Structure formats: structure tokens, C-alpha cells
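Take a look at the structure below.
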Amino acid sequence: MISCSSVSKRYPEGLEALKDVSFEIDAGEMVFISGHSGAGKSTLFRLLAAIERPTSGSIVINGQNLSALRKSAIPYLRRNFGLIFQDQKLLFDRSVLDNVLLPLAIVGLPAREAASRARAALDKVGLLEREKAHPIALSGGEQQRLAIARAVVNRPAILLADEPTANLDAESAAAILEIFRAFHQVGVTLVIATHDPQWMARFSPRVLRLERGRLLEGAA
Amino acid sequence: MKTFFAQHLAALRDALRRLLASPLNTLLSLLVIGIALALPSAGWLVLDNLRGITGSASGVQQVSIFMALDAGKKEVDEIETRLREARPGHWRFVPRDEALKRLQASEGMAEVIASLPKNPLPDAFIVEPEDTQPDSLERLAGTFSGWPKVAHVQLDSDWVKRFDAFLRIGKLSITLLAGLLAGALVAVTFNTIRLQVLAQATEIEVARLIGATDAFIRRPFHYFGALQGALGGLFAALLVSSAGLLLAAPVGELVALYGGNFVLRGLSPGNIAAMAAIGAALGWLGAQLSVSLHLHRIG
């Protein structure tokens, strides 16, 4: 489903964030990308989400080579993903429900169907009662759950998350873990960048360990 | 197809929401756009009305052929034959006696005429040409004056020509003015949209990250520009119509003093629709330019 071969990313300032990284992820797999901060986790996340392009090497997702993709095709590729950002990127000027409705508006779902789907997604993350609230009124854990609801409302086949439990207390982080586990059980491919040891203890998943831009283990 | 309509409807709703969200800004923009559109529209309307005057004057636009005083029946018949062949339009013969009688009927003239030893008026033909273009009238007059025993050909179109030249200058000035103000209108929309794009930078960035196409992101701005322009156009129509209503009574009085029956023409529904459409088109253009330029800078 996701295949990276000899991917390198060098930034204009000369920083080489990823060096010759190759790995495969099958459909329905749950894979963690671990490493210290600065190891290249976020860079890999941005490459997989087609936010940036690799300097060399190729990334193929769902049979589509990201490097060869025309710029106008990227929005359609992104609709296959649910993206969960480290800084969440919630819209603070609209309600919780409206935040979750945004991806559905983008694909042009009729209003009624969109509303019921958005409520279902909010229900899954336990935020249904807060649909009228504004994100600013939510706790850190709730904001993260809102970001997850927005990522999954389109029922993506792949969920990409960058540090989803950073800055969360243990209890909130555990709740997030449970949500991800539920998605994994229904067959969603999960790629989670994290340096939170809780995850490893909980799932004993396959881990891609990065260090200074090199993939040390988990390539298979 | 359903998706297409749903997306456009959503964009339109979004644009409306933004217009209503800051009523003061919207009102100021509408004022600027309205005035920018009202000025050339009013000028155009004035010209149109003036053209109406020449139009009604063209009903009596005529070429008078005055025969020499010594012209007899034979010469008159000759001219009549030639007119029949030339077919310049309607024409009629006014014998000198009839002309005198008519003049006598005019108030105050009877005594003057009675004091004259003999009829000073010549036989005349009054031609109302079908083609009232100044050039054609000129040509026609030239032809007539070459005919035998024609003493004088009077063209009543000299003032029409001057007037026409005046109208042409007026039209050109208004076109130039309209061009300038159209530029101003595009600039106003450009700036409004620029501020909106900057204010919504986060929203645009997020929408892009979760799969929004450029068209999706641009659409509400396009609708906003077009909607604001169309409303501005309607506002301009309101301004022009109000001015017309205020002017109607005094103009009517003035015209009545001259014994005319000219009625000030206002904007037709078609004109109003055209103003809204032009406003919408210019607004759309301003939005398009602004969005193209500023979306580049975001992500």
C-alpha cells in the first residue's frame, strides 16, 4: 500500500533530513515511526502526505508515484488519507461540527449526509455533545480527538499521524490510543510518528526507527 | 452533477456569509463600487436622452429646396420629376401662395405681410429624407442645388451635425471615464479579497492539506467578488434612478417652457440588469486576480 525506496530529503539549508530510506507498509498494517526529535519523523510524515517531495528516491502510495504526480492531482491523493498533524491545525473560528464538516464539503457531500457522517465521526471520538462548542473551549486531549474525527470522517484507507499524543497527559493519550486501536481493528492502515514509549508497550507494533535521517530497523 | 451544484451553492452561501459578517465594510465597498458604476451610467443615460432629442428632431429633419422667384410651372414640374426619380424619401411641394397663407396665419405676421407689395416667397419643396445621416443629407443637398432654377437649398442638419459631434465627444469621454472607473472597481475588489485571503490563510492551508482543490478554495472568493460587484451595480442603478427622479420634474418644466414634449428617460430593467452584470463581471475579475496572486503566497 505504501512503498518507499531510497528516499532522501535534503533541505536548501543543507540539512539532510532523510538518507536513503526504504520500507514497505501493507494494507491494514499499523506501523510506528519512532526516533528522537530531529531524527526525520516529521519529514517522513510530510513526504508521505505529499506536502513535500523527496530530493531523490520514490514513494508509491496506492500504486501512485508521488514524485510523478501532477500538482493538480495532489488534492485527490490526499483524500485517501486521514492526516493528523502535530499542531492539529484546527479552525478556531468555527464550531467543532464545522471543523469535521470541512473535509466533506471539500468532496462535495450533500449537507444532510455530511452532517450525519460528521456526527458519527464525533461520536467515535466521544465529542458528540461538544459539537456546538468552539475548539478553543476544548481541552488538549479533546482537541486532538477532534483532529482525529476530522481525519477519519472521509473514511480514509490510510491514517497518517504526526506525534498524536505529544503534550497530552497520560489519560488523554490512553484515550487516543484506544481510538487508533479501534481503527486498526476495522482495517485502516495506520502510520504513526511518535517517540512516546506508551505506544510500543501497548501494541508491540512494527516500528520504523529513524536516527539522524537513517532508517535503523523495521524496514521489512 | 449534484456534487457540483452542492459545492457552488455552498460557495455562494459562504460568500454571502462573509458579506454579512462585516456589514460596515460591505456597505463601504458597495458605496465605492456603486459610485464608480453610477458615474459612467449616468453619463451614458444623459447621452442617451440627448440622442433621443435628435431622434425626435429627425422626424422634422428636412431639406428645403427653394425655387428661384422667376421659376415657372415648367421648372417646378421638372424638379418634381427629378424628385420622383431620385426617391430621397417623403417630399411635398409648397406653392408660394400657400406658404404666404400659412405665414399670414401665424400670429403677428398678418400685418407685416399685408404691408408687402407682392408675395416675397418662392415655391418650395420640402424633402424629408429617409436617410438622416449627416453625410447623406449633405450629399443630397449638394445634388439638389445642382438642379435647374433652384435658388437655395437649406439643410436643417447643421445643428444636428454639431450636436452629433458633441455626442461623439461625450461618448468618448464617458467610455474613458468608464474604463478608469472599471479599473478602480477591480482594484477595490482586489484589495477586499486580498484582506480576506490573508485573514483566512489558516483555513486555506488546512483545506489544502485535507484535499481541497484550488478551484474549491477560489470559488467562495469568486462568488464574493461577483456578488459584491452585482450588488454595487444595483446600488449604482438606485443612485442613477434617484437622480433621474429628482431631475424629472425640473426637466419637464423646462421642456414645457419651450413647448416640447420631451420626457426624461430613466433606466430600463435591461439597463439595470446590465449594470449588475457588469459589476459582477468586474468583481469576479478583481477576485480572480487577487486570489491568483495571493494564494501563491500561502503554502
Side-chain angles (χ1 to χ4, degrees), chain A residues 45-46 48-52 69-94 98-115 121 135-136 146-156 158-162, chain B residues 1-26 192-224 227 288 291-299:
Chain A
F45 172 84
R46 283 201 295 275
L48 290 176
I51 296 167
E52 291 173 3
L69 221 51
R70 273 179 303 118
K71 211 176 160 220
S72 59
I74 288 176
Y76 300 97
L77 174 89
R78 293 232 179 99
R79 292 177 194 179
N80 299 318
F81 306 148
L83 295 181
I84 298 159
F85 304 93
Q86 196 166 356
D87 57 354
Q88 294 150 357
K89 300 201 184 292
L90 299 173
L91 297 176
F92 287 92
D93 61 345
R94 41 177 93 185
D98 283 342
N99 266 277
V100 182
L101 280 172
L102 183 61
L104 301 174
I106 286 170
V107 298
L109 210 65
R112 189 178 306 185
E113 198 184 335
I136 201 76
L146 173 56
I148 294 172
R150 188 184 65 191
V152 300
V153 72
N154 256 337
R155 299 171 189 159
I158 303 168
L159 205 54
L160 296 174
D162 190 13
Chain B
M1 207 58 188
K2 206 170 156 192
T3 304
F4 177 83
F5 279 119
Q7 288 201 320
H8 278 264
L9 198 68
L12 182 62
R13 210 180 294 133
D14 197 35
L16 259 176
R17 187 177 54 77
R18 285 184 207 172
L19 271 176
L20 296 176
S22 48
L24 189 66
N25 280 345
T26 303
T192 315
I193 299 288
R194 183 180 70 91
L195 294 175
Q196 284 195 13
V197 170
L198 294 180
Q200 295 182 26
T202 325
E203 187 174 339
I204 291 168
E205 189 204 345
V206 170
R208 270 193 176 151
L209 284 174
I210 59 183
T213 55
D214 261 11
F216 176 87
I217 290 167
R218 284 162 185 252
R219 206 172 288 132
F221 295 112
H222 283 155
Y223 270 105
F224 183 95
L227 205 60
Q288 164 67 14
V291 169
S292 297
L293 193 70
H294 297 109
L295 275 190
H296 249 337
R297 304 202 178 147
I298 299 173

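Chain A is the first sequence line, chain B the second, and so forth, proteins listed ahead of strands; every chain is numbered from 1. Just so it is clear, the model here is predicted, and its values are computed rather than measured.
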Contact origin within Ala207(B) toward chain A - heavy atom pairs under 4.5 Å: both

Ile51(A) CD1 to Arg208(B) CZ distance, which is reported to the nearest 0.5 Å: 12.5 Å

Region of Glu203(B) that comes under 4.5 Å of a non-hydrogen atom in chain A: both

Nearest-0.5 Å distance that lies between atom OG1 in Thr213(B) and atom CZ in Arg79(A): 6.0 Å

Flag if over 12 foreign heavy atoms under 6.0 Å of CZ, Arg94(A): yes

Interatomic spacing from CG in Leu102(A) to CD1 in Ile210(B) - rounded to 0.5 Å: 4.0 Å

Asp93(A) versus chain B, the contacting section by heavy-atom distance below 4.5 Å: side chain

Per-residue contact mode, Phe92(A) against chain B (heavy atom under 4.5 angstrom): neither

Note, Arg150(A) side chain near Val206(B) side chain (heavy atom, < 4.5 Å): yes

Pairwise distance CD1(Ile106(A)) to CD1(Ile217(B)) - rounded to 0.5 angstrom: 7.0 Å

